[in-house]
Amino acid sequence: MAIDYGIIEKKWQKRWIEANLDKSERDDSKKKFMIIFAYPGVTGYLHVGHLRGYSYVDAIGRYKRMTGYNVLFPVGTHATGNGGISLAKKIASGDEKTIDYLKRNGCPDDKIPELGKPMSVIEFFNGVYVNEYWKRFGFLSDWRRFTCTLYPDYARFIEWQFRKLMDAGLLIQKPYYASVCPNCGPVAVDPSETDLSKGGRAETQEYTLLKFRHGDEFLVAATLRPETVYGQVCFWVNPEVEYKKVRKGPETWIVSPQAAEKMELQMDGVEVVGSVPGREMIGWKCEAPMIHREIPVLPATFCNPDVGTGLVTSVPSDAPDDWISLEAVKKDKGMAAEYGLSQELLDSVVPISIIEMKGYGEFPAKDVIDRMGIKQPGDPKLVEAKKQVYKDGYHMGRMKDVCGKFAGMRVEEAKDRMRQEMIDSGEAEVFYDLTEEVVCRCGARVHIKRLDDQWFINYADEELTRKTSDHCRTMDINPPEYRENVHAVLNWYRERACARQGNWLGTRFPFDDKWIIEAISDSTLYPVYYLISLYANDGRLRPEQMTEGFFDYAILGKGDARKVSESTGVPEDLLERIRKDVQYWYPLDINLGGKEHMTVHFPGFLMNHVAILPEGMWPRGITVNWYVTGKNSDKISKSKGGAQPIPGAAAKFGVDAMRLYYAHIASMFVDVEWSEDAVMMYRQRVDRIAALVQDLIDSEKDSEETPMDAWLVSRFNTHIREIREAMDSYDLRQMCTIVYFDMLNDMKWYSRRGGCRKETIIEALRIWIQAMMPVTPHTAEELWEHAGFEGLVSAGQLPEADSAKISAGAEYGENLIRDIMSDIGEVRKIAKIEPSRIILYTSPKWKRDVMSRAVEMLDKGELSVPALTKACMSDEAIKKNGKAASELAKKVAVDFARSSADSKRPLFETDEFALLSGAKDFLADETGLPVEIMDADAEGIYDPQNKARAAVPGRPAIFLE
RNA sequence: GCCGGAGUUGCCAAGCCUGGUCAAAGGCGAUGGACUCAAGAUCCAUUCUCGUAGGAGUUCGCCGGUUCGAAUCCGGCCUCCGGCACCA
């Protein structure tokens, strides 16, 4: 009878709730296990890829439940930032794409008008995540503890956390250059373009502003290569641009209008005081910084007023644009005449070779231009040429002798030194700009702005880093590559801007409420808050009661319960109860998150725990999972919404099939390409197993005990042991291979060999169905019930492997049968005869004796070729076989020496004649030929081709005739 | 560039830490067979090459080394992928 997964999913999820399996309560008599996945950001619908990590967590939690642990698996969502705002805005304005996206993902039409406010969108998606994803997938999470970063009680927790960071001296203020929208405040510039309508690929570049004196004013050029100042020979101005004169302190600078605007954001006291047409500046002479030489100002159209300052210092030796433009200017007689540039002046401008690079000649810029076939200014290939020569110059270049005291220095080093020297002498300044046009969601242009009083969490703190790093060595971090690398990540982790101004959702910074705590910083210590959210959610705790004193007591055990109770109004027994919960459940055993968390969330998570909590509460484990990708190995994009909605996939494949797909398709630590065919395959496998189990349960057949029963029971007990071993390292994939492949094959083999004893089958099914519970819980429950077993599998305990029931001999015997079948097949294929019967000769006793002696010696550590030979020759029964005996002894000695005694013992302990005789009918059925078993020791056996002597224990001789 | 990861037999993917039992699990696909009126599903077998009886040979990105022995350890090279921050 086929299972209707849609029905059984609902049925069992309801039963679990009725049995209170979702509620986790402290139980001091039981070991605890607390596991979470890094909660998702609320940015819209999730896709099938996200369920991968989530379902690992549920499976691990379920496994821990059935092996004696009291498990807590709470969930929440992260909504800090401006995702909710921009989504609500789009919905409110009726943005067609957004509305379509909602509908496509199953949002009811009448719901849409309600989603025009940020909090209502967030609440809507909280509901989607919990009901359509997590509950739909059968998670046994403690739903009562659900929390969201925008809840008022959560905010109290974050305020407390920041107070503790301040107490620890980890909050610092310093200047910061942030991407800022004039309306919305700081925005995130990243490829997901959550905050942007354009320019997510832009990068922030650090320019060095170089000041060129002209009279009492300065032409200001922006460069990325301050180390090339020794090669400056002229200065480029775009004649078409009307430049601005800007007062900057006591000085007057000339820059493009766009640059003037940007500078106002980054520097103090910048003010536009006039303008000067670029055309007018052509022919000026200005004094270059560092080298203090006068160089001429020449016209160049490639100077983009939107990039840098719109003015460029020219280093033709190493800048392709400069080289090609200089050549063009020199050739263009008309232009020279137009700007009154004398031939003499132009002739005086000669490139200076300043950097030595492997693979390049005197003038790298020229080389690259020739190589790429660039003929004139404006060629789009110049972009690539520039990149190439910059990159090679930076990594391979060395300063030549003309570069004064920097001569001989590697470019990597010279760059920083020269820049610093010019800054110190007042000839240069630092300036930040974006590499391309960035436009905020609101439509305004985004620029880099300096903030003087930006708050940072000082993750660069040496002691904190060291303590965290040390602690990581005691943690269970998977995969092992990350366990190794996490130390490097912690070292690299620097001060992090932790608050922002502008239009953001989040908790206000407790020391200055013009700041909002940003998204990464309010999501580091939260697992401990799940122990408190329970009481906030059911109304026993009100946000205003959650004072610093409350958290100090509840989380840190600091202070006096009675006083805290008096000052907050929280009943003392409740306070004690929360305190005990915290002590019981914490530390967190596993935090599981996608690989994107390795360099961002996990370091913050670790360091905040170490910084704020006592050592006994520091996390015990981190597991990183890789992605399910779309084609082209992208993440399946949630913003593009192309992927199938999760509830649709669940309905199509069944939740259990999807859970099995996630658990088994590949190791947790590799990316997997989403494939419906693959999921379908797992669906079929679940179907097949369910059908087989139901047939077994329903079967009327029964029989007396045979050796096959011991075999099956042995196999299943071996599997329990293997499952436990695999799950000790959370290897779900290995576990699934055993449960859904190996155990299925064993069950089939048992039937194929004629096994049908009811008692054995029931014993095996009891084990098997329980083993299915962590990954395919609904199917497991359905089969459990069908079998008439008591209670819920999800509430039960996986039996321990019973070593008394594990029989190496029984398992060996069946392997031998399989080997023989395979060998018969092979001989049959090659022999090219049409046999009419099969004769199997078992091995003579003396050969078993040789092996027996070998194992004896192996146990004592005395096994060697001469020793074994000698021992055998002292045994008359063996010795009389002459050369065959010594040859066998040699072979056995060499072979056995490499393996364990236990693995060889069944070779001579098995009664092959009895085993094969028992399997005679089976072999005859399988091969379609009559089978005879002959004992090699018996007198006068039929052996026309003298095959019997080839028989060795574990390898009966085969004769086809 | 820095940090990290990967390259396995038609495809996906185990194995590599702890060298031998590895021609290398499992799945998919393919081929043959059973079942069926038929299709699908299911079951069985085969799926690197050769083969005169269960055997032999050549393989695990490339080159070299260590070792009695290497997919596994070491060195070098080639190719591909991810992260490099305020983005969860």
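If you're wondering where the values come from, they're calculated on a predicted model, not measured in any experiment. In what follows, chains are A, B, ... by sequence order, proteins preceding strands, each numbered from 1.
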Subject >> Toward the 5' end of RNA chain B, by each residue's nearest nucleotide, A/Ile520 or A/Asn745 >> reply: A/Asn745

Original post:
With sugar-phosphate meaning primed atoms plus P, OP1 and OP2, does A/His601 contact a base, only sugar-phosphate, or nothing at under 4.0 Å between heavy atoms?
Top reply: nothing

**OP:** Evaluate the ring planes of A/Tyr661 and A/Trp674, with Trp represented by its six-membered ring, and classify them as parallel (under 30°), tilted (30 to 60°) or perpendicular (over 60°).
**Re:** perpendicular

Original post:
If you check every side-chain atom of A/Asn485, which of B/G4, B/G27, B/A88 has the closest atom?
Top reply: B/G4

**OP:** May I ask you to say what A/Ala488 touches in the nucleic acid, namely base, sugar-phosphate or nothing, with a heavy-atom cut-off under 4.0 Å?
**Re:** nothing

Original post:
Under 4.0 Å between a side-chain N or O of A/Arg955 and OP1 or OP2 of B/G55?
Top reply: yes

Original post:
If you draw the axis of the six-membered ring of A/Phe653, does the NZ or CZ of A/Arg683 fall within 45° of it and under 6.0 Å from the ring centre?
Top reply: no

Original post:
Would one find a side-chain N or O of A/Lys595 under 4.0 angstrom from OP1 or OP2 of B/G83?
Top reply: no

Subject >> Check: A/Trp134 ring centre within less than 6.0 Å of A/Phe37 ring centre >> reply: yes

Original post:
Under the 6.0 Å and 45° cation-pi test, does A/Arg818 pair with A/Trp749?
Top reply: yes

Original post:
Is the shortest side-chain N/O distance from A/Arg688 to OP1 or OP2 of B/U42 below 4.0 Å?
Top reply: yes

**OP:** With RNA chain B as reference, determine whether A/Tyr176 or A/Lys947 sits nearer its 5' end, using the nearest nucleotide of each.
**Re:** A/Lys947

Original post:
In the strands shown, is B/C80 matched to any nucleotide by a Watson-Crick or G-U wobble pair with both distances under 3.5 Å, and which?
Top reply: B/G5

**OP:** Examine A/Lys449 relative to A/Tyr177 and say whether NZ or CZ is less than 6.0 Å from the centre of the six-membered ring and inside a 45° cone about the ring axis.
**Re:** no

Original post:
Which letters describe nucleotides 11-23 of chain B, given B = protein heavy atom under 4.0 Å from base, S = only from sugar-phosphate, - = neither?
Top reply: --SS-----S---

**OP:** Considering just the side-chain nitrogens and oxygens of A/Arg828, establish if one lies under 4.0 Å of OP1 or OP2 belonging to B/A45.
**Re:** no

Original post:
Checking all strands, does A/Glu518 fall into the base, sugar-phosphate, or nothing category for heavy-atom contacts under 4.0 angstrom?
Top reply: sugar-phosphate

**OP:** Searching all strands shown, indicate the nucleotide that pairs with B/G55 (Watson-Crick or G-U wobble; both distances under 3.5 Å).
**Re:** B/C50

